[in-house]
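One structure below.
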Amino acid sequence: MTMKKNELLSLAKPHYDKDQLLELDHAIDIATKAHHGQKRKSGEPYIIHPIAVAATLIDWGMDIDSVLAGVLHDTVEDTDTTLEDIEKYFGKDVAFLVDGVTKVSQARAGMQDLTEYLPQTKDNLSKLLIAVGQDVRVVIIKLADRLHNLQTLQHMPRDKQLKIARESLEVFGPMADKLGMGRVRMQIEELAFSYLDPKEFKRLQNTVRKRLGKSTRKLGGVRETVDKALKEQGISFEINGRVKSIYSLHKKLNKVNGNMADIYDLMALRIIVNSKEDCYRVLGILHTLYQPMIARIKDYISVPKPNGYQSLHTTVLTPSEQIVEFQIRTHDMHEFAERGLAASFHYHEQKSSKGYSKKKSAAVLPTHMQWITQLQEIAGRLRNGEEISSSQLNVDLFGDRIFVHSPRGDIYNLPEGGLPLDFAYLVHSDIGKHAYGFKVNGAIHPFDKPLKNGDVVEVMTRKTSLPKKAWIDHVKTTHARNKLRAQLRQLGVIEGISHAAAIIREKTRKKKAS
Ligand code: MN
């Protein structure tokens, strides 16, 4: 598990260009020097830790800036290296990421600071996310850091083990979940739980092993039947078994009073196909083969989970009275379910700091990208010193969400109470600009009436129609408000901030700060 400089470089080689690899080489040297003489609890040189973190980030497909920040992530906190040094050698972005990671470590020591900073937010997780929300890559680096600390937890004293394990389950697991990073969430939870309650972990592991032997044999027949039926319909697919993780089994057992007989999805069959249409075809085929349990059919494709997870789930009853859960999804959905947000920073895609290519991402992870684009937009404004009330932050980022559809069937994610113009600006700022009316579910819909979950919203536009000042009262999201204001300013309908107003604003801010 211990990795050396050269191994990290060769791991990186296929994914980054020459200059980037030189930077990585340089970063490792700097970190090695900075951590010289420091040791991990295992007695190994400290540098093995940042190298392991960087290796994980490469494995997750992160962009070079994240990997560099992974190598350097503990230098500012634990060594003489300063942020200025890092900025000088690797630029603003990397320095910004390292600073973010350092701040999370400090924040986690005392969540109180953050409570003061953002008094109205609901939970620690949200606070943490907002604090680092300027760039979600900070959270992703932090997750890689935490993962390695969990992987090397055996060297820690028992009380530290418990503290880190508990915190991982309370904060970092849910955080990975929020970012849709299913695989990482599971890794974190399994490791943390195995330290928190080793006896229970072992017991459940044994139970699963025993039951799995049986159900694998039993499922063999089901799998064959399904395999044959799908082939007959000419669907190309992969099918494999998904075993429930120990920790999620533990949580589920708590809900059903420990009764194993109530766990239907210890082992589920996962079917991965090429298109969304095929997902529904497969569902139809399964339901003609077997009796579905109506209450357990879930369509997370048309209504994804808030973290962007998409799949069809169904639980069926076989003729031999076995209960079998199926999960059906496309390759893209599967990739997203496993890697979540990290997938959107992929080194083979564009650089994340330049934003997302809308066309491409929209096809793969529509609702999720909207959330994250908003997070970044808002964080950017916070960074520029703009004041945003926490209640507005809550509406934009952590409030309840609704899903609405375009007439073409695309799904958009809005805060509860979102108005038609919020939808229009979300689709495209030009659509907002030229809107003159709305149809919702086929009927004319006023500007000031909130949309509801599941609405089909059609924006009526014409080139000659332009935004009006009164619209400011007809938008709820920060995104729509910003776009609208910019357009109104451009049209000369409202003025930009005057010089005098800017000075007053600056003064008030200074007063508050002192
Ligand atoms: Mn670390």
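Both counts, for ligands and for their atoms, begin at 1 and track the order of listing. Given the structure is predicted, the values throughout are model-derived calculations rather than measurements.
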Sidechain-backbone polar pair: T79 side chain, T81 backbone, donor-acceptor under 3.5 Å:
yes

Is it the case that the side chain of R242 and the backbone of D265 share a donor-acceptor pair, with hydrogens and angles ignored and the cut-off at 3.5 Å?
yes

Let's test this: below 2.8 Å, count the protein N/O/S atoms around the Mn ion (ligand 1).
4

For Q161, what residues pass the side chain to side chain donor-acceptor pair (under 3.5 Å) criterion, not counting sequence neighbours?
R158

Identify, with sequence neighbours excluded, every residue that meets salt bridge (Lys or Arg N to Asp or Glu O under 4.0 Å) alongside R166.
none

In chain order, what residues pass the salt bridge (Lys or Arg N to Asp or Glu O under 4.0 Å) check against E200, with sequence neighbours excluded?
R203

Between R40 and E44, does any NZ, NE, NH1 or NH2 come within less than 4.0 Å of an OD or OE carboxylate oxygen?
no

